[in-house]
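Remember, predicted model here, so these are calculated numbers, not experimental data. Ligands are counted one by one from 1 in listed order, and the atoms in each one are counted from 1 as well. What's counted below: heavy atoms across the whole structure, side chains too, no hydrogens, waters or symmetry copies.
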Amino acid sequence: MKDTFFVTTPIYYTNGIPHIGHAYSSIISDSLARYNKISWKRVKFSTWVDENSQKALDKASELWMEIMPYLDMMAGKHKAVWDWLEIKYTDFIRTTEERHHKLVREVLDISFKNGDIYEWVYEWMYCVGCESFKKDEDLVYLNKTTWETFAISDKVKVNDNIIKVCPDHLKTPETIKEKNYFFKLSKYQDKLLKFYEENPEFVVPADRFNEVKAFVKRGLEDFSISRETNKFGIKLPFDESQVTYVWYDALFNYVTVCKTSDKGKDESEFWPADLHIVWKDIIRFHAIYWPAMLMSAWYELPKNILTTWFFTVNWQKISKSLGNSIDPVEFSEKYNKDLLTLYLLSSFNIGQDWDFSESQAILTYNAKLANNLGNLLNRVLVLALKLEEKSWILDNSSLFINYINTNTTFWEWDIEWEKIASENLLWATISKFETFNKLIKNSFNNLNLKWVLDFSFIYLNYLNKFADEKQPWQTIKETEKQEETREVLYTIAEWLRQVWLALYPFFPEKMSEIFDRLGLTNYREDLENWKLQDLIDKNEIFLIKEKWNPLFSRIDI
Ligand code: ME8
C-alpha cells in the first residue's frame with residue numbers, strides 16, 4: 001500500500017485573477033506534488049477559491065453583476081490560469097459549493113455542542129481589506145495631506161486631517177457593534193503548545209514557528225466566527241440569522257475535498273494534510289486558529305505548514321492600483337513557463353522577502369537552462385554523432401566513474417559549501433551518484449526546492465568543467481583516443497540523466513522531451529508510475545539519432 005501525500009495551495013480570493021504572487025505558491029505546490037507523485041506516493045493536490053467574502057460582493061457590485069455569475073466567471077478564470085501554467089491539481093474547490101457548506105455546518109455543530117462556540121455582543125473595528133478585526137495597536141496614524149504615516153505609539157493628536165488607519169490598506173476600519181459567535185481559542189493554549197512541542201517541524205521555516213509559539217505563549221483571545229450583517233455565506237446551523245465568515249468557511253476547505261473529492265469520492269484517507277502552503281500573512285491563522293478548530297471538531301491536525309514570504313515588484317506591494325501586478329500567463333507567454341518556474345524557485349529561499357525582476361529572470365534562465373544545461377547537452381549530442389555517423393549508442397561499459405570518484409582536483413568546491421549543504425555531507429563523497437541523489441531527496445523532503453535546483457546546477461557546472469578539462473572535441477580527432485572520448489561522453493550523458501531526473505518535477509515537459517530524444521524510452525510513463533528510484537538505479541544506454549534544435553534558447557534582454 002502506497003503512502004498518501006496531500007498538499008494544498010493557499011485559498012485564493014476571487015476579487016481578481018491570480019498574479020505572480022499566487023502563481024509562486026501554486027508552482028511550489030505543483031513541484032512538490034509532482035516529486036511525491038514520482039516517488040511512490042498517491043498524491044492529492046488541492047487548490048481553491050475563497051468566495052464567501054465581502055471583497056467578492058464588493059467587486060461584483062462594482063461590475064454591476066449578480067454575485068453568482070460573477071463568482072462563476074472568476075472561478076473559471078482562476079482555473080484557466082492554473083491549467084495554462086500546467087499546475088496539475090487533482091481537486092479544485094469553491095467555498096460556495098454544496099459539499100463544502102455541508103461539512104462546515106457539520107463541524108460548526110460539533111464545536112457548538114461541545115461548548116467551544118458561544119454568543120457575544122461586542123463592538124470592534126473591522127478592516128474590510130484584511131477581512132479581520134483590528135485593535136488600536138494594529139493601526140497607524142495617517143496624515144491625509146502628506147500621506148505620511150506614524151506609529152500608534154507616537155500618540156499623535158487625532159483630528160480631521162490625522163486619522164487612524166489600517167497600515168496595509170490605509171483606510172479607517174469600520175466600527176461594528178453586533179451579536180457574534182465566538183470560538184474559544186483561549187481554551188486551546190496549552191494543547192497547542194503541547195502539540196508544537198511534539199511536532200517541532202510543524203511550521204517551516206523555524207523562525208516563523210518561533211514567532212507563532214511566542215504569540216501563543218503570550219495568551220490567546222477568542223475570535224469571532226460569524227457576522228450578523230453578512231447575508232452571503234454559510235449559515236450557522238444553530239442560528240440561521242448569522243453566517244460564518246473566513247475561518248470556518250475558508251479553512252475547512254482542506255477537509256471538504258477529502259470527504260468528497262472532485263470526482264465525488266470519499267478520500268478521507270488523505271486527511272490529515274501533509275502540507276499546507278501559505279504566506280506569512282496568514283500563518284497565525286493556519287498555525288493557531290486552524291489546529292484549535294480541528295481539535296475542537298475531533299479532526300487530526302495537518303503535518304506541515306510551509307510559510308512563503310512576500311515578494312514585491314519594483315519594491316512595492318503587488319497591487320492592481322499601483323499597476324505593478326504581473327500576470328503569470330502573459331509573462332510565460334512572453335518568455336516561457338520554464339523561465340518563470342526556474343526564476344521563482346531558484347533565486348530566493350522560500351522564507352525570504354524579495355523583489356521580482358524581469359531582467360534577472362532572463363539572466364537566470366540564460367545562465368542555467370540555456371547555457372549550463374542546454375549547451376552541455378548540445379556538446380554531447382554533436383560529438384556523439386560525430387563519433388559514429390548515423391546513430392550513436394553510449395552504453396555503460398564506458399562509464400568514466402573511476403575518474404569521478406578519485407580525482408579530487410576536479411571536484412574541489414569553490415562555493416561556500418556549509419551554506420548550502422547540511423554539515424554531515426563531505427564534499428569528497430559528493431561525486432558519487434548516490435550522494436547526489438540523497439542530497440536531492442533530502443532537499444525535496446525538507447521542502448527546500450532551491451537546494452534541489454542549486455545542487456543540480458552546481459553539478460552541471462562541474463560537468464561543464466569536466467568537459468573543458470577532458471576536451472572530448474579535441475580527443476575525438478585522434479584515432480587512438482576514440483575510446484577515451486566515448487568514456488568521457490558517456491560519463492557526461494549519464495550525469496545529465498541523473499540531473500534531469502532531479503529536475504523533472506520542475507520542467508516535466510522539457511525533461512521528457514530530452515529523455516525521448518536520447519532514446520530513453522518510456523521515461524515519462526515510468527515516472528508517472530512512481531518508478532523514479534528504478535530509473536535512478538538503471539544502467540542506461542543512450543541512443544542518439546539526430547541533433548535537434550536547442551530546447552532552451554537564449555533570450556535577449
Ligand atoms: O489571503 N508574494 O487570499 P489572497 C508572495 N483568501 N505570495 C503572494 C503574494 C506576494 N506578493 N500575493 C499573494 C488570502 N500571494 C485569503 C486567505 S486563509 C483563511 C484566507 C500568495 O488571494 C500567498 O501565498 O490574498 C497568499 O497566501 C495567497 O497568495 C493568497 O492570497
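With respect to the salt-bridge test (charged N to carboxylate O, under 4.0 angstrom), the residues Lys179 and Asp239 qualify.
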Run through all N or O atoms in ligand 1 and write down each protein N or O closer than 3.5 Å, as a pair with its distance.
residue, atom, partner, partner atom, Å
ligand 1, 2 (N), Phe311, N, 2.9
ligand 1, 3 (O), Ile11, O, 3.3
ligand 1, 6 (N), Ile11, O, 2.6
ligand 1, 6 (N), Asp50, OD2, 2.9
ligand 1, 7 (N), Gly21, O, 3.4
ligand 1, 11 (N), Phe311, O, 2.9
ligand 1, 22 (O), Tyr13, N, 3.0
ligand 1, 22 (O), His22, NE2, 3.1
ligand 1, 24 (O), Ser25, OG, 2.7
ligand 1, 27 (O), Trp279, N, 3.4
ligand 1, 27 (O), Trp279, NE1, 3.2

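Remark: the backbone N or O of Tyr181 is paired with a side-chain donor or acceptor of Ser226 at under 3.5 angstrom.
When each of His100, His101, Glu97 is tested with Thr256 by the rule side-chain hydrogen bond (donor to acceptor under 3.5 Å, both in side chains), just one qualifies, namely His100.
Checked against the 6.0 Å centroid threshold, His286 and Tyr254 count as a close aromatic pair.
Glu358 and Tyr335 share a donor-acceptor pair across their side chains, judged by distance under 3.5 Å alone.
Ring geometry, Phe92 versus Tyr89: the interplanar angle falls from 30° to 60°, so the pair is classed tilted.
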